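Here the structure is laid out as structure tokens; the discussion comes afterwards.
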Amino acid sequence: MVLTGLDDPEVAVEAVERGAQDYLTKQSMDTELVTRAIRYAITRHRSETQLRSMHEQLDVMHDRERIARDLHDTVIQQLFATGMSLQGLASRAREAEVRTRLGDAVDGIDISIRQLREAIFGIHQAQEDLSVVEQVAKLADEKTDALGFAPVLRAGTNLGPVPPEVQHDLLSTLGEALSNVVKHAEASAVEVTLRQIDDEVVLEVTDNGVGVRSGPEARDELSGHGLRNMADRAEQRGGSFSVRPGPGGGTTLRWSAGLPANPDT
């Protein structure tokens, strides 16, 4: 605070612009005015400090989210594609030593993918205070620009607590599913449904795009689009995975995971 005998409005404005909380002149000073000015100055200073702290935290969270997306959407997908290529080479290799070395390389890639997923899960720990529905809504909102429209989210009212590790796999699956819609579906609408059926959490992503063939051919047709790791996540969580034509055209992806009897234990 500036206390001065100079009653000059221009100087007062300049003082505030340079960081002063208030500008008081001795001619108009009294106890009540000074007390109130000090109280307001302290309140403003605290608010500004809290605001700066919030901005810093948001910057850190945005950086974490960007790093997590880059790792998940780019690095893991590239590793997965490389592993698939090496598996294909191994199946055609004639020499046993070559097949063994290629198999070891694929195993190493699988380990790297698991480690990256664990790292991404750690990055997402900052979002633990959000419910699974809020996290799904947040992820869907982040895909709006890429899709060109906002996905419609429908959440069941009976959805109970979902353990963090299941949330991680569910969000990873949703991210890949929406990315596939962006890349391949040519859709103008997407509906994301999240609900609980018995002891499973079920995620469905339905678009009105070009669609896929029904039956086992669908898995082969889209094997390079990340469906295998979606299926692996479902299997590891005691759930199921399927891709089929949507009810009115397009594609419906269904992913589920088992829920423990008591998620808190």
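Please read these numbers as outputs of a predicted model, since none were measured by experiment.
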Measuring from Leu33:CG to Ile38:CD1, what's the distance to the nearest 0.5 Å? 9.5 Å
How many angstroms lie between CZ in Arg254 and CE in Met230, if you round to the nearest 0.5 Å? 15.0 Å
Any sub-3.5 Å donor-acceptor pair from Arg237's side-chain atoms to Gly258's backbone N or O? no
Looking at side-chain heavy atoms only, is the closest gap between His168 and Arg233 below 4.5 Å? no
Nearest heavy-atom neighbours spanning Ala146 and Val182: O-CG1, 3.9 Å
For the student: nearest non-hydrogen atoms of Ala93 and Val98, plus distance: CB-CG1, 3.9 Å
Please find the pair of heavy atoms, one from Pro247 and one from Thr206, that lie closest to each other, and give the distance. CD-CG2, 4.2 Å
Counting heavy atoms not belonging to Asn158, are there more than 12 under 6.0 Å from its CG? yes
Which pair of non-hydrogen atoms, one from Leu259 and one from Pro161, has the smallest distance, and what is that distance? CD2-O, 4.2 Å
Residue pair Asp207, Glu191: steps toward the side chain to side chain contact (heavy atoms under 4.5 Å, CB included) verdict: CA-CA 6 Å; Asp207 67 68; Glu191 182 175 296; over 6 Å; no
Apply the hydrophobic cluster definition, ILVMFWY joined by side-chain contacts under 4.5 Å directly or through others, and give me every member besides Ile197. Val202
So how far is it from Glu134 CD to Leu153 CG, rounded to the nearest 0.5 Å? 11.0 Å
Is the closest basic N to carboxylate O distance between Arg154 and Glu204 below 4.0 Å? no
Taking C-beta and beyond as the side chain, do Phe149 and Val190 meet within less than 4.5 Å on heavy atoms? yes
To the nearest 0.5 Å, atom CZ of Arg228 lies from atom CE of Met84 at 5.5 Å
side-chain contact (heavy atoms from CB on, under 4.5 Å) partners of Val106, counting only residues at least two apart: Leu86, Gln87, Asp110
So, using salt bridge (charged side-chain N to carboxylate O under 4.0 Å, His left out) as the criterion, who are the partners of Glu186 when residues are at least two apart? none
Can you tell me how far the OG1 atom of Thr100 sits from the CD atom of Glu97, to the nearest 0.5 Å? 7.5 Å
Just do the side chain to side chain contact (heavy atoms under 4.5 Å, CB included) check on Asn180 and Leu227 with the steps written out, would you? CA-CA 10 Å; Asn180 283 344; Leu227 296 191; 4.2 Å; yes
Is Val136 close to Leu170 at the side-chain level, that is, under 4.5 Å between some pair of heavy atoms? yes
Test item: Trp255 and Val205 side chains (from C-beta on) under 4.5 Å apart, heavy atoms: no
Is there a side-chain contact between Thr144 and Asp141 in this structure, where contact means two heavy atoms from C-beta onward sitting under 4.5 Å apart? yes
Using the side chain to side chain contact (heavy atoms under 4.5 Å, CB included) rule, take Leu159 and Val201 through it: C-alpha gap first, then chi angles, then the decisive distance, then the call. CA-CA 8 Å; Leu159 185 62; Val201 58; 3.9 Å; yes
Under a 3.5 Å distance rule, please check whether Gln196 uses its side chain to pair with a backbone N or O of Gly160 as donor and acceptor. yes
Quick one, Val2 and Asp22 - any side-chain contact, counting heavy atoms below 4.5 Å? no
Taking NZ, NE, NH1 and NH2 as the nitrogens, is one of them in Glu14 or Arg18 under 4.0 Å from a carboxylate oxygen of the other? yes
Does Glu95 have any salt bridge (charged side-chain N to carboxylate O under 4.0 Å, His left out) partners at least two apart in sequence or in another chain, and if so, which? none
Could you list the donor-acceptor pairs under 3.5 angstrom formed by side chains in residues 4-11, with sequence neighbours left out?
residue	atom	partner	partner atom	Å
Thr4	OG1	Leu6	N	3.0
Asp8	OD1	Glu10	N	3.0

Heavy atoms of Ser179 and Lys143 approach each other most closely as OG-NZ, 2.9 Å
Would you indicate whether the side-chain heavy atoms of Met1 and Leu24 approach each other to under 4.5 Å? yes
Is there a path of hydrophobic side-chain contacts, each under 4.5 Å between heavy atoms, that joins Val133 and Leu178? yes
Using side-chain heavy atoms (C-beta onward) and a distance below 4.5 Å, is Val243 in contact with Thr252? no
Using the rule that two of Ile, Leu, Val, Met, Phe, Trp, Tyr join whenever any of their side-chain heavy atoms come within less than 4.5 Å, decide whether Leu89 and Ile109 are in one cluster. yes
Leu171 with Val152, same ILVMFWY side-chain cluster at under 4.5 Å: no
Among all residues two or more places apart in sequence or in another chain, which pass the side-chain contact (heavy atoms from CB on, under 4.5 Å) test with Arg39? Thr35, Arg36
Give, for atom CD of Gln135 and atom CG of Leu194, the distance between the pair rounded to the nearest 0.5 Å. 11.0 Å
With side chain to side chain contact (heavy atoms under 4.5 Å, CB included) as the criterion, how do Glu142 and Leu139 come out once you've worked through the C-alpha distance, each side chain's angles and the decisive distance to 0.1 Å? CA-CA 5 Å; Glu142 290 173 354; Leu139 179 56; 3.8 Å; yes
Over all heavy atoms of both residues, which pair between Ser240 and Ala234 is shortest? Give the atoms and the distance, please. O-CB, 3.5 Å
